[in-house]
*Asks:* 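Sharing a structure here in structure tokens format.
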There are 2 protein chains.
Amino acid sequence: MNIGDVAKRTGVKAKTIRYYEDIGFLKPKRTENGYREFDEADLHKLVFIGRARHLGFSIESCRALLALYEDKNRTSAEVKQLAQAHLNAIDEKLVLLQEMHSTLSRLISACAGDDRPDCPIMNELKIDLR
Amino acid sequence: MNIGDVAKRTGVKAKTIRYYEDIGFLKPKRTENGYREFDEADLHKLVFIGRARHLGFSIESCRALLALYEDKNRTSAEVKQLAQAHLNAIDEKLVLLQEMHSTLSRLISACAGDDRPDCPIMNELKIDLR
DNA sequence: CCTTGACATTCCAGTAACTGGAAGCCTTAG
DNA sequence: CTAAGGCTTCCAGTTACTGGAATGTCAAGG
């Protein structure tokens with residue numbers, strides 16, 4: 001199967017698939033003309049990676065997940081630990097974003113948004129040094 | 001004032017201050033020996049940028065905010081619009097992260113986390129192609 | 001048989017916003 | 001005088017791709 005068709009079937013772009021090969025996620029055979037030739041296992045891997053990425057796992061975490069994916073002797077505890085670590089990271093980001101959201105919402109509500117220069121948003125940003 | 005002291009007083013690292021000079025946020029004078037010499041206006045700018053960054057504004061948005069900051073004829077509407085656009089972007093990220101959070105939480109709860117290989121997290125990632 | 005268009009290949013550069021490190025000069029305290 | 005620490009510049013690396021250029025290949029139509 002050629003890279004374009006793989007892209008269509010997996011939802012992972014051709015450019016990205018080449019990148020994933022570069023970083024060692026898969027090693028498709030090559031046909032005589034130099035084209036990559038993908039098999040079903042490659043497709044499954046790509047979908048797997050695509051879904052993990054969709055859940056926000058980093059490439060390095062995907063690498064670890066992929067290793068577990070191919071490890072018959074893995075334990076669900078190992079998988080769960082990776083997922084939990086990732087969830088913790090997500091929660092930290094959520095907290096930061098929620099803080100931003102609430103501060104910005106407050107400032108935006110307080111701002112008249114008219115043609116005068118006076119603005120609570122600017123005031124918050126420019127308060128003096130302590 | 002030397003860069004190290006500025007870093008301490010503004011909370012912006014020396015490395016970052018040099019970077020901000022590179023990208024044109026400030027242009028401190030130089031003393032005879034080549035050291036950067038910062039004045040109070042520089043300090044205020046750095047704090048301003050630091051706070052905007054803390055609220056998640058991109059460097060380019062900071063550039064726009066900084067322009068408004070220095071514009072006597074700005075309108076609060078202009079500021080509000082930038083802030084609103086940024087808030088919208090934050091909200092989009094929040095939605096994505098919340099989706100990830102909820103999916104991952106569900107999967108983690110469903111995973112035994114024991115020494116067996118069977119794992120709902122893995123199952124979700126490896127489901128067949130449609 | 002030839003051309004044309006849609007594929008495929010590689011390689012290089014750019015993105016965002018710094019951060020780390022090397023090599024070397026300057027300053028200040030002891 | 002020396003050693004520590006601060007300052008300088010410049011180069012490379014980070015994340016996960018993405019865009020683009022130059023070139024090669026394949027299948028179909030005239």
Side-chain angles (χ1 to χ4, degrees), chain A residues 1-39 42 45-66 85-86 89-90 92-93 96-97 100, chain B residues 1-38 42 45-46 48-66 85-86 89-90 92-93 96-97 100:
Chain A
M1 204 177 199
N2 278 353
I3 198 166
D5 298 320
V6 175
K8 261 175 219 137
R9 286 195 51 197
T10 62
V12 180
K13 294 189 200 168
K15 264 298 208 209
T16 305
I17 297 172
R18 291 195 193 98
Y19 172 69
Y20 286 166
E21 180 182 1
D22 270 3
I23 62 174
F25 276 176
L26 36 110
K27 293 153 197 67
K29 305 255 181 301
R30 299 298 183 115
T31 56
E32 262 186 14
N33 58 23
Y35 286 19
R36 289 169 182 81
E37 176 67 23
F38 298 87
D39 58 25
D42 293 326
K45 259 194 203 178
L46 283 170
V47 171
F48 180 94
I49 298 166
R51 290 192 186 155
R53 295 283 304 125
H54 182 73
L55 284 176
F57 283 95
S58 71
I59 288 290
E60 282 318 301
S61 296
C62 287
R63 204 185 290 282
L65 286 170
L66 214 43
H86 180 47
I90 285 175
E92 281 179 29
K93 283 185 198 160
L96 284 180
L97 278 177
M100 290 180 194
Chain B
M1 204 178 200
N2 279 352
I3 199 166
D5 299 321
V6 175
K8 263 174 217 136
R9 286 194 52 199
T10 62
V12 181
K13 293 189 200 164
K15 256 322 206 194
T16 306
I17 297 172
R18 292 196 193 96
Y19 172 69
Y20 285 167
E21 181 183 359
D22 269 3
I23 63 173
F25 276 176
L26 38 116
K27 293 153 197 65
K29 305 254 183 300
R30 297 300 181 115
T31 56
E32 264 186 11
N33 60 20
Y35 285 19
R36 288 170 181 80
E37 175 68 23
F38 298 87
D42 292 326
K45 256 194 204 180
L46 283 170
F48 181 93
I49 297 167
R51 291 192 186 155
R53 294 284 302 127
H54 181 73
L55 284 176
F57 283 95
S58 71
I59 287 289
E60 282 318 301
S61 297
C62 287
R63 203 185 289 282
L65 286 169
L66 214 43
H86 180 46
I90 285 175
E92 280 179 30
K93 283 184 197 162
L96 283 181
L97 278 177
M100 290 181 196

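Letters A, B, ... are given to chains in the order of the sequence lines, protein chains preceding strands, and every chain is numbered from 1. Quick caveat, the model's predicted, so the values are computed rather than measured.
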*Asks:* Across nucleotides 22-28 of chain C, 5' to 3', mark each nucleotide with B, S or - according to how protein heavy atoms within less than 4.0 Å reach it.
*Replies:* ----BS-

*Asks:* If every non-hydrogen atom of A:Glu37 is compared with every non-hydrogen atom of A:Asn2, which pair is closest and at what distance?
*Replies:*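 Distance-wise, the nearest heavy atoms are OE1-OD1, 4.4 Å.
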
*Asks:* Give a yes or no answer on whether the side chain of B:His86 reaches the backbone of B:Ser61 with a donor-acceptor pair at less than 3.5 Å.
*Replies:*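 Answer holds: no.
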
*Asks:* Send over the distance from B:Leu46 CG to C:dA17 P, rounded to a whole Å.
*Replies:*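 One finds 16 Å between P of C:dA17 and CG of B:Leu46, rounded.
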
*Asks:* Going by the rule side-chain contact (heavy atoms from CB on, under 4.5 Å), which residues pair with B:Glu92 if we only count those two or more places apart in sequence or in a different chain?
*Replies:*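 B:Glu92 satisfies side-chain contact (heavy atoms from CB on, under 4.5 Å) with no residue once adjacent residues are dropped.
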
*Asks:* What is the distance from atom NZ of A:Lys29 to atom CG of A:Asp39, rounded to the nearest 0.5 Å?
*Replies:*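 Interatomic distance, A:Lys29 NZ to A:Asp39 CG, rounded to 0.5 Å: 7.0 Å.
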
*Asks:* Report, one line per pair, each donor and acceptor closer than 3.5 Å where one atom sits in a side chain of residues 11-26 of chain B; sequence neighbours left out.
*Replies:*
unit_1: B:Glu21; atom_1: OE1; unit_2: B:Arg36; atom_2: NE; d: 2.4
unit_1: B:Glu21; atom_1: OE1; unit_2: B:Arg36; atom_2: NH2; d: 3.4
unit_1: B:Glu21; atom_1: OE2; unit_2: B:Arg30; atom_2: NH2; d: 3.4

*Asks:* NZ of B:Lys13 versus P of C:dC18: gap in Å, rounded?
*Replies:*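 That distance rounds to 10 Å.
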
*Asks:* Can you sort out which residues in residues 17-26 of chain B have a heavy atom within less than 4.0 Å of DNA chain C? Ascending by number, please.
*Replies:*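 Residues of residues 17-26 of chain B under 4.0 Å from DNA chain C: B:Tyr19, B:Tyr20.
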
*Asks:* Does B:Asn33 use its side chain to pair, donor to acceptor, with the backbone of B:Tyr35 at less than 3.5 Å?
*Replies:*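 A pair under 3.5 Å: yes.
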
*Asks:* Can you tell me how far P of C:dT9 sits from NZ of A:Lys29, to the nearest Å?
*Replies:*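 So the NZ-P distance, A:Lys29 to C:dT9, works out to 16 Å.
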
*Asks:* Near DNA chain D, counting only heavy atoms under 4.0 Å, which residues of residues 56-64 of chain A show up?
*Replies:*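 When residues 56-64 of chain A is checked for heavy atoms under 4.0 Å from DNA chain D, the hits, listed by number, are A:Ser58, A:Ile59.
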
*Asks:* Check every nucleotide of DNA chain D for an atom under 4.0 Å from a heavy-atom of chain A, then give the first and the last such nucleotide from 5' to 3'.
*Replies:*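 For DNA chain D, the relevant span reads D:dA16 to D:dC26.
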
*Asks:* Hey, could you give me the CZ/CZ distance between A:Phe57 and A:Arg51, rounded to the nearest 0.5 Å?
*Replies:*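 The CZ atom of A:Phe57 sits 14.0 Å away from the CZ atom of A:Arg51.
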
*Asks:* With sequence neighbours left out, write down each residue that passes ring-ring contact (aromatic ring centres under 6.0 Å, His included) with A:Phe38, or none if nothing qualifies.
*Replies:*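 If we apply the ring-ring contact (aromatic ring centres under 6.0 Å, His included) test to A:Phe38, skipping adjacent residues, there are no hits.
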
*Asks:* Could you walk me through whether A:Asp42 and A:Val6 pass the side-chain contact (heavy atoms from CB on, under 4.5 Å) check?
*Replies:* CA-CA 9 Å; A:Asp42 293 326; A:Val6 175; over 6 Å; no

*Asks:* For the helix from C:dC1-D:dG30 to C:dG30-D:dC1, how many degrees between its two end axes (five pairs per end), to the nearest 10°?
*Replies:*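 Taking five pairs per end, the axes differ by 30°.
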
*Asks:* Can you give me the closest heavy-atom contact between B:Leu66 and B:Lys45, atom names plus distance?
*Replies:*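 Looking at all heavy atoms of both residues, the shortest contact is CD1-CG, 4.1 Å.
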
*Asks:* Residues two or more places apart in sequence or in another chain: which of them pass side-chain contact (heavy atoms from CB on, under 4.5 Å) with A:Glu32?
*Replies:*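 Residues passing side-chain contact (heavy atoms from CB on, under 4.5 Å) with A:Glu32: none at all.
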
*Asks:* A:Glu32 or B:Gly34: which one's nearest nucleotide on DNA chain D is closer to the 5' end?
*Replies:*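 On the 5' side of the pair lies B:Gly34.
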
*Asks:* Evaluate A:Leu96 against A:Lys93 for side-chain contact (heavy atoms from CB on, under 4.5 Å), listing each step before the verdict.
*Replies:* CA-CA 5 Å; A:Leu96 284 180; A:Lys93 283 185 198 160; 5.7 Å; no

*Asks:* Applying side chain to side chain donor-acceptor pair (under 3.5 Å), can you list everything that pairs with B:Arg53, at least two apart in sequence or on another chain?
*Replies:*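 Not a single residue meets the side chain to side chain donor-acceptor pair (under 3.5 Å) criterion with B:Arg53.
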
*Asks:* CD1 of A:Ile49 to CG of A:Leu65: how many Å apart, nearest 0.5 Å?
*Replies:*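 With rounding to 0.5 Å, CD1 (A:Ile49) is 10.0 Å from CG (A:Leu65).
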
